[in-house]
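To start, the structure under review is shown below, and the notes come after it.
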Amino acid sequence: MKKRWVQAEKGNKETIESLAQQLNIDNSLAQVLVHRGISSFDQARDYFRPQMAHLHDPFLMKDMDKAILRIETALKDNEKILIYGDYDVDGTTSVALAYSFFRGFTTAIEYYIPDRHKEGYGISATGIDYAKENGFSLIIALDCGIKSNEKIAYANTLGIDFIICDHHLPGEELPMAVAILDPKRSDCPYPFKELAGCGIGFKLAQAYCIQNNLPAESYEQYLDLVMVSIAADIVPVEDENRILAYHGLVKLNTNPCIGLKALMDISGRNKDYSLTDVVFALAPRINAAGRMDHANQAVKMLICDEDLLAQEQSLFINLQNTERKTSDQNITAEALALIDDCEILINKKTTVVYHESWNKGVIGIVASRLTEKYYRPTVVLTESNGLLTGSARSVAGFDLYEALLGCEDLLVQFGGHKFAAGLTIKPENITSFSERFEQIVASTITDDLLCPEINIDTEINFSQITSKFQRIIAQMAPFGPHNPAPVFVTHNVSIAGRPYVVGTKHLKLNLKQQNSVIFESIGFGLAEYENLLQPNRPFSVCYTVEENVWRDQKKLQLNIKAINIDN
């Protein structure tokens, strides 16, 4: 699919030149920084060297004092505490962190994750009944609960208190919990609103340590878990998330927890992880437990304190991930066939597809793949316990949550955020929902949003790309939403030698610009250009600059994002 190239406007010339001089860097890199809101030496220092000391005071979060007081009471009275969480990566890392931290203060503690297939998302009556039957009087819910008003009211009738640690958007009324930690509460003054669920759990542990004069290491030892949740949940890598991700990566690459180390070993790579590596190598394996079996298996691995047990768990989870790959590939193929065989579906501004036999655990992945293929808001549904349950994905710039809000009367329940959501619907409402969803999206989305775009930071010449240039870029990591790897555009580029395809769809090529050095380049998914690029025909490329390591040899490499031969 052809992409729109959108180049950022140039910043203030004097500011750029001043920053470049202060930092002793290329003007183009200074422009990238200015475009990201960094215009002074002090701001640049904080950006390039994130400090744990710059984390916000956890007690700025509404209800944090109430949460800590209730936990201290539970510990003093030896009450049984249940750590409750979601079955995805954010949920399982949240549970692993909170359980591991608080089991240092009590043995009267367990964890509980609902069965995706039997209980569904969020707080379940089954989970509350389990707590009652086993004598738990306090439930700490992580990465869920903010809209579970009825379930928490039910728990109150049974004498069970709830502390909610969530990062999703609240409904109009908050649940009747003892404490609700959610920066997205309208009455919460916490300065950063985009923590992952595990980040909220981390702030709870931080607050407990501050309140009880415990060393920072008591909660900082879980930074690798927080970082994995940040990577997997696709939250903005800025403010606190940047600090947590930065130091979490340091921990992962130097001293990971036993469970993550075992998972790294079985993935075939045990060092030099970036956030992107975590997204593609570790997160899918952790997620596979909840998709194919039960997410308890992931938590069991993440809380391991014995190498052998961690290795056994990681092997089991890796096998589940292999099964997950097969399942999502098959379902994706079936979903694509459904769309391709229906002209009405092809011509819509949305995709809504359903099959009763699709695996509930992988439909979120399928929704993402369909969104990549057709680039429009997408819902994939399957049957579960007499209802249709689904995952929804959006495109950049379009608020999926608002579109679903317009269909609220047709839904049993839904939750999520701008780019991803889950929903449940009665079978008899699927046609009405499909029509309403299409109507809302078609009337509010613009044609530009239905065409994927590449955001380009600035234009440079190949002569500017040096080892120092790349080292500065590397220090801008970790990369992710709101802090992507800088994308550059260069015009009048030509090939040196013949491009060739690697795998089935990736293009290897050598590029030069006039008399510049030749840069080895890779274009993932760009095999179609193999025979379109001619030696004497200049073209334009947009790309990121990377360091490629092969057999301990390091070379600069251009990662080509798009090619334009119509200069």
Side-chain angles (χ1 to χ4, degrees), residues 3-51 54 191-192 194 236-243 245-246 274-276 396-397 448 452-493 511-517 519 521 538-547 556-564 567:
K3 299 180 179 180
R4 290 183 297 119
W5 295 22
V6 180
Q7 189 164 336
E9 293 182 8
K10 285 191 174 183
N12 180 272
K13 183 180 178 183
E14 289 76 18
T15 303
I16 291 169
E17 290 177 349
S18 172
L19 188 63
Q21 188 173 11
Q22 290 180 69
L23 300 178
N24 188 26
I25 62 174
D26 186 286
N27 274 23
S28 296
L29 291 176
Q31 181 176 324
V32 172
L33 294 174
V34 169
H35 186 245
R36 296 180 188 204
I38 300 158
S39 56
S40 70
F41 180 86
D42 288 345
Q43 287 175 323
R45 180 193 58 212
D46 292 343
Y47 176 74
F48 284 115
R49 301 287 182 270
Q51 300 295 316
H54 292 164
F192 184 57
E194 300 298 334
V237 185
E238 60 186 358
D239 201 291
E240 277 195 308
N241 282 343
R242 179 171 170 79
I243 298 170
Y246 179 92
S274 67
L275 273 195
T276 302
D448 277 356
E453 66 182 29
I454 294 179
N455 291 300
I456 299 167
D457 287 89
T458 189
E459 178 185 345
I460 63 172
N461 293 318
F462 279 179
S463 59
Q464 294 173 254
I465 303 173
T466 63
S467 294
K468 179 185 175 182
F469 189 91
Q470 190 279 328
R471 283 198 304 273
I472 300 297
I473 291 172
Q475 291 178 58
M476 295 175 70
F479 297 123
H482 293 210
N483 188 51
V487 176
F488 304 102
V489 63
T490 300
H491 303 296
N492 295 316
V493 170
L511 298 179
K512 64 179 180 178
Q513 184 189 35
Q514 294 154 347
N515 296 319
S516 75
V517 297
F519 287 99
S521 308
F539 53 94
S540 301
V541 288
C542 59
Y543 55 91
T544 57
V545 181
E546 302 173 346
E547 185 178 67
L556 291 181
Q557 175 179 270
L558 308 184
N559 187 332
I560 309 300
K561 302 301 180 182
I563 296 171
N564 184 2
N567 285 343

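Scope of the values below: all heavy atoms of this structure, side chains included, with no hydrogens, waters or symmetry mates.
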Inset, instruction - Could you pull out all residues at least two apart from Ser18 that satisfy side chain to side chain donor-acceptor pair (under 3.5 Å)? - result: Gln22
Inset, instruction - Indicate, with yes or no, if the rings of Phe519 and Tyr543 have centres closer together than 6.0 Å. - result: no
Inset, instruction - To the nearest 0.5 angstrom, please state how far the CD atom of Gln470 sits from the CG atom of Leu558. - result: 11.0 Å
Inset, instruction - Applying side-chain contact (heavy atoms from CB on, under 4.5 Å), name anything that partners Ala477, two or more places apart in sequence or on another chain. - result: Phe479
Inset, instruction - Just jot down the side chain to side chain donor-acceptor pair (under 3.5 Å) partners of Thr15, sequence neighbours excluded, or say none. - result: Asn12
Legend entry - Considering all heavy atoms, the nearest Val541-Phe539 contact: CG1-CE1, 3.5 Å
Legend entry - Exam field: side chain Asn241 to backbone Pro236, donor-acceptor pair closer than 3.5 Å: yes
Inset, instruction - State the OG1-CD distance between Thr544 and Gln557, to the nearest 0.5 angstrom. - result: 8.5 Å
Legend entry - Contacts of Tyr47 that satisfy side chain to side chain donor-acceptor pair (under 3.5 Å) - sequence neighbours left out: Asn483
Inset, instruction - Just grab all the salt bridge (Lys or Arg N to Asp or Glu O under 4.0 Å) pairs involving residues 458-478, residues at least two apart or on different chains. - result: none
Inset, instruction - Could you list the residues that satisfy side chain to side chain donor-acceptor pair (under 3.5 Å) with Asn27, not counting sequence neighbours? - result: none
Inset, instruction - For Asn455, enumerate each residue passing the side-chain contact (heavy atoms from CB on, under 4.5 Å) test, keeping only those at least two apart in sequence or located in another chain. - result: Val6, Glu453
Inset, instruction - First locate atom CD1 of Ile38, then atom CE of Met476, and finally report the distance between them rounded to the nearest 0.5 Å. - result: 6.5 Å
Inset, instruction - Hey, could you give me each pair passing salt bridge (Lys or Arg N to Asp or Glu O under 4.0 Å) that has a residue in residues 11-35? Not counting sequence neighbours. - result: none
Inset, instruction - Return each pair, listed once, that meets salt bridge (Lys or Arg N to Asp or Glu O under 4.0 Å) where at least one residue sits in residues 38-51; pairs must be two or more places apart or across chains. - result: Asp42-Arg45
Inset, instruction - State, to 0.1 Å, how close Pro486 and Ile473 come at their nearest heavy-atom pair, and which atoms those are. - result: CD-CG2, 4.0 Å
Inset, instruction - Report the residues that fulfil side-chain contact (heavy atoms from CB on, under 4.5 Å) with Pro484, sequence neighbours left out, ordered by chain and then residue number. - result: Arg36
Legend entry - Flag, side chain of Thr490 to backbone of Ile460, donor-acceptor distance under 3.5 Å: yes
Inset, instruction - Return yes if a side-chain donor-acceptor contact under 3.5 Å exists between Asn461 and Gln513, otherwise no. - result: yes
Legend entry - Rounded distance [0.5 Å steps], CD in Glu546 versus CG in Asn559: 4.0 Å
Inset, instruction - Look up atom CG in Leu511 and atom CD1 in Ile563, then write down how far apart they are to the nearest 0.5 Å. - result: 7.5 Å
Inset, instruction - With sequence neighbours left out, write down each residue that passes salt bridge (charged side-chain N to carboxylate O under 4.0 Å, His left out) with Glu238, or none if nothing qualifies. - result: none
Inset, instruction - Apply side-chain contact (heavy atoms from CB on, under 4.5 Å) to Gln31 and list each qualifying residue two or more places apart in sequence or on a separate chain. - result: Lys10, Ile16, Thr458
Inset, instruction - Hey, could you give me the CD/CZ distance between Gln21 and Phe41, rounded to the nearest 0.5 Å? - result: 13.0 Å
